[in-house]
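One structure is given here, and the rest of the page talks about it.
Each ligand, and each atom within it, is numbered from 1 in the order the structure gives.
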Amino acid sequence: MINESKVASKEGIQVTLPQNRIPLLKVLSSLAAIFTLLGIWLVFELRNGYDQVLKQANYRAAQRSQILGQSLRTQILASDYVLRDVASRIEIIDGVFVDTALNRDKTLSTLLKEKGDTVPNFFSMVLFDRDCKFIATASGQNIGTRSKPELCEARKKFKGSGPMVVYVPGNKSASGRAALVISRHFSDVKGQFLGGVLGVIELEQMQRWFDSLDIAAYDSVSLVDNSQLLLARKPAMPFYFEKQMMTEADMNSLSDKYAKSGIATTIDIDGLERLFGIYKIEDVPFAIVYGFEKLAILKQWRKRAIELSIGYCILLLLAGFVVRSHITVLRQHNEISKNNALLRSSEANFRMLAENMADIVWQINSFFKVKYTNAADERVRGYFNSEVIGIDIREQFTELGQEIFQREIDKRLQLEKSGNKGLAMNFELPMRCKDGREMWVEISSVPIYGEDGEIEGYQGVARDISLRRLHEEKLIQANQEMENRLLEATEEKTELQELALHDAMTGLYNRRFLDAAIVREITLSEREKRPLAVIMLDLDHFKNVNDQFGHSAGDLVLKALADIMRQTSRESDLICRYGGEEFIAIIPNMSASQAFERAEIWRRQLEENSLNYGGNEIKITLSAGIAIYPDHGKSGEELILCADEMLYKSKRSGRNRVSIA
Ligand SMILES: Nc1nc2c(ncn2[C@@H]2O[C@H](COP(=O)(O)OP(=O)(O)OP(=O)(O)O)[C@@H](O)[C@H]2O)c(=O)[nH]1
């Protein structure tokens with residue numbers, strides 16, 4: 001099991017690392033060793049099992065062939081017993097075969113039949129003489145028939161103590177059918193061959209016996225003679241009967257193989273590979289060959305081999321998974337280690353950077369408890385790091401600072417709720433210093449998110465802005481002063497402007513204004529298709545007033561006329577002092593008659609109202625000339641010129657009158 005531990009950084013960053021890791025190489029080499037051993041064991045086990053199965057099959061085949069061979073031998077011995085019994089009853093007297101037993105009246109044929117019937121396998125019993133001529137048969141037939149000369153010769157030469165057993169092919173058989181012939185021979189005192197008695201087991205009969213044997217499908221059992229001729233077989237293959245089943249060399253090699261390893265396989269005549277057990281029947285020139293089909297024998301072994309291989313593969317896969325998961329764990333660990341190294345390096349960099357910064361670098365948790373401050377806090381506010389770690393940051397603010405902080409936190413939470421996550425926020429608030437001073441700081445803050453995406457703290461920078469604020473205040477003050485001065489200057493300027501456009505003494509517009517205004521008024525009148533009246537006034541014999549009463553009295557007269565003109569004017573009328581004792585009124589939307597009337601009013605009022613100056617009554621009149629736009633001129637110059645001409649006309653005509661063009 002892998003234990004885990006948490007590595008926590010000072011800033012609260014936690015990284016999980018698996019402990020007691022087994023190195024990959026160790027795991028791989030252990031697994032490789034286990035699986036190699038398991039593989040070797042599996043191969044050995046399967047190979048051994050394979051050999052054992054084949055050995056056992058060979059052994060069982062040998063056993064079966066032995067049992068069947070013994071069974072056949074027993075049948076032959078039983079037949080031999082009957083032959084010996086018959087032979088014991090026969091006496092050859094002067095070359096004549098005589099039954100020496102009690103039942104002398106019986107013929108030899110009857111004797112042979114009776115005795116032959118006691119052995120079910122015997123097809124026939126025959127008594128033959130020294131020339132192998134049949135002198136009596138159980139069936140009574142074929143008397144006088146002779147065995148083939150070579151067979152007869154073989155009988156004569158046979159010196160064995162047991163019966164002579166031979167295979168006689170069909171073409172050499174007296175019956176014309178292939179058979180096993182068992183015979184016992186007579187001889188005289190000198191050992192001369194005198195004939196004998198024989199029993200015949202036809203191969204067909206032998207085949208029937210083979211057919212009756214209970215053997216498994218794909219097994220085979222064969223009877224072969226000492227020349228490997230196939231005499232009987234199950235499953236029967238008549239085509240191969242009496243043909244060589246295998247060469248003697250093959251048979252010997254099979255025997256050799258069996259002797260060496262206990263396993264001997266070869267391809268049978270039906271094309272199937274079989275494990276053979278061969279039993280050569282004692283004293284009889286036949287052998288029983290029993291075969292188990294190899295594939296059938298190996299069926300169980302194959303099943304076990306497949307099961308074991310699947311098991312092995314499953315284990316291999318499991319091991320693969322174990323290795324893979326181990327690799328994944330190692331990779332994760334490497335990744336975490338790398339990240340931790342990066343983190344440590346970045347932390348170290350951050351620390352170095354933070355500790356050397358002039359500004360206060362801080363970090364608080366979601367409950368506003370201080371988790372970190374750099375050395376600048378001591379330099380700036382006088383607090384040691386240990387004095388502020390763990391305390392509520394809000395305690396470090398003045399009351400106003402706490403209000404501002406709360407407002408900013410609320411604003412932050414609103415922003416977060418509306419999806420604006422992680423924004424940097426800047427605000428200013430007053431903090432407390434250790435010596436009791438109040439210090440304004442500019443705070444720049446960003447949130448720190450936990451793995452669940454929720455805010456788990458804040459971090460940022462606080463900069464002492466006391467000096468800046470002082471400068472700002474001074475600047476504001478300076479600005480205020482500047483603004484005041486500017487205001488004053490503006491007022492002065494307005495006054496000056498006013499002065500520039502007005503006549504200082506009368507307060508009427510001056511000529512400068514008139515020159516600009518008349519152009520504007522003509523444009524307006526032209527656009528609105530209305531008349532514009534230009535009335536020019538001049539005091540009559542004004543020089544006399546100055547001369548008679550003084551300049552101040554003249555000024556008084558000028559002011560008096562200005563008042564008259566102003567009082568009887570509309571807001572839109574432009575009344576100007578044109579120069580000296582000349583006045584011009586520009587009156588929009590005024591016809592010639594109206595202008596005349598207006599000028600008359602001014603003339604009359606001046607004439608009728610004498611002025612009192614220092615107890616002296618000053619009486620004065622005026623002359624006027626009128627020009628109307630557009631009838632008397634299209635431009636300001638033309639109109640003024642025209643009005644001036646009319647004025648002089650009035651002067652020439654005796655003064656104190658109004659003339660119109
Ligand atoms: N008191 C005073 N006198 C001024 C002012 N401007 C001009 N005058 C005087 O106005 C007089 C103008 O005299 P004139 O041009 O001879 O004209 P007039 O005496 O009015 O004679 P007519 O115009 O021909 O009727 C001069 O004596 C100027 O000194 C001013 O601002 N104040």
Side-chain angles (χ1 to χ4, degrees), residues 494-518 533-569 573-587 592 595-628 632-633 636-661:
T494 310
E495 276 174 28
L496 284 171
Q497 279 174 340
E498 280 294 306
L499 283 175
L501 298 175
H502 286 81
D503 172 52
M505 188 174 68
T506 60
L508 297 177
Y509 289 118
N510 58 17
R511 183 172 181 166
R512 198 180 186 196
F513 176 83
L514 178 82
D515 289 342
I518 196 165
V534 177
I535 307 172
M536 186 179 264
L537 304 180
D538 188 279
L539 290 168
D540 297 330
H541 304 299
F542 182 56
K543 189 175 178 299
N544 294 342
V545 176
N546 277 335
D547 292 346
Q548 199 175 342
F549 302 106
H551 208 267
S552 300
D555 289 349
L556 195 66
V557 172
L558 291 172
K559 283 179 194 170
L561 178 59
D563 289 341
I564 290 169
M565 291 178 83
R566 202 182 286 123
Q567 281 159 14
T568 49
S569 295
D573 300 345
L574 305 174
I575 314 295
C576 312
R577 185 180 172 199
Y578 195 55
E581 83 290 15
E582 277 182 345
F583 296 82
I584 291 181
I586 311 289
I587 305 174
F596 187 82
E597 183 55 31
R598 175 71 64 86
E600 270 300 307
I601 290 169
W602 290 336
R603 188 191 64 75
R604 275 200 301 274
Q605 279 192 3
L606 185 69
E607 184 182 31
E608 287 162 9
N609 292 298
S610 55
L611 289 167
N612 188 299
Y613 178 75
N616 300 309
E617 191 183 11
I618 302 170
K619 285 194 74 68
I620 193 159
T621 60
L622 63 84
S623 298
I626 298 171
I628 301 296
H632 308 129
E637 290 80 25
E638 283 174 6
L639 287 170
I640 290 171
L641 188 65
C642 181
D644 194 38
E645 281 172 6
M646 288 303 106
L647 170 63
Y648 279 93
K649 184 180 171 194
S650 297
K651 289 276 183 186
R652 279 197 305 275
S653 308
R655 294 186 172 79
N656 194 21
R657 66 193 62 218
V658 178
S659 303
I660 189 162

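- Residue F549 comes nearest to Y613 through the heavy atom pair O-CE2, 3.7 Å, listed as atom of the first residue, atom of the second, then distance.
- Here the protein heavy atom with the shortest distance to atom 32 (N) of ligand 1 is D555 OD1, 2.9 Å.
- Close contacts between ligand 1 and D538 involve ligand atoms 23 (O) [criterion: under 4.0 Å to a heavy atom].
- S610 contributes no side-chain N or O that, together with a main-chain N or O of I618, makes up a donor-acceptor pair within less than 3.5 Å.
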Between R603 and E600, is the salt bridge (charged side-chain N to carboxylate O under 4.0 Å, His left out) condition met? List the steps.
CA-CA 5 Å; R603 188 191 64 75; E600 270 300 307; 2.9 Å; yes
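- Heavy atoms from other residues, nucleotides or ligands lying under 6.0 Å from NZ of K651 number more than 12.
- Annotation: atom 27 (O) of ligand 1 to nearest protein heavy atom, K543 CG, 3.0 Å.
- The single protein non-hydrogen atom nearest to atom 23 (O) of ligand 1 is K651 NZ, 3.1 Å, given as residue, atom name and distance.
- Closest to atom 22 (P) of ligand 1, if we only count protein heavy atoms, is R655 NH2, 3.4 Å.
- For atom 7 (C) of ligand 1, the nearest non-hydrogen atom of the protein is G580 CA, 3.9 Å.
- Between D540 and ligand 1, not a single N/O pair is under 3.5 Å apart.
- Among M505, R577, E581, the residue whose heavy atom lies closest to atom 17 (O) of ligand 1 is E581.
- Proximity of a side-chain donor or acceptor of R577 to a complementary backbone N or O of A562 within less than 3.5 Å is not detected.
- Looking only at heavy atoms of the protein, atom 29 (O) of ligand 1 is closest to N546 ND2, 3.9 Å.
- Panel note: side chain S650, backbone S659; a donor-acceptor pair is recorded below 3.5 Å.
- Close approach of ligand 1 to G554 (heavy-atom distance below 4.0 Å) involves ligand atoms 1 (N).
- By the 6.0 Å contact criterion, CZ on R512 is open, its count of non-hydrogen atoms from other residues, nucleotides or ligands being 12 or less.
- In terms of modelled atom types and a separation under 3.5 Å, the side chain of R657 and the main chain of R655 share a donor-acceptor contact.
- When the heavy atoms of V557, D547, L558 are ranked by distance to atom 30 (C) of ligand 1, first place goes to L558.
- Distances between N or O atoms of F542 and those of ligand 1 include at least one value under 3.5 Å.
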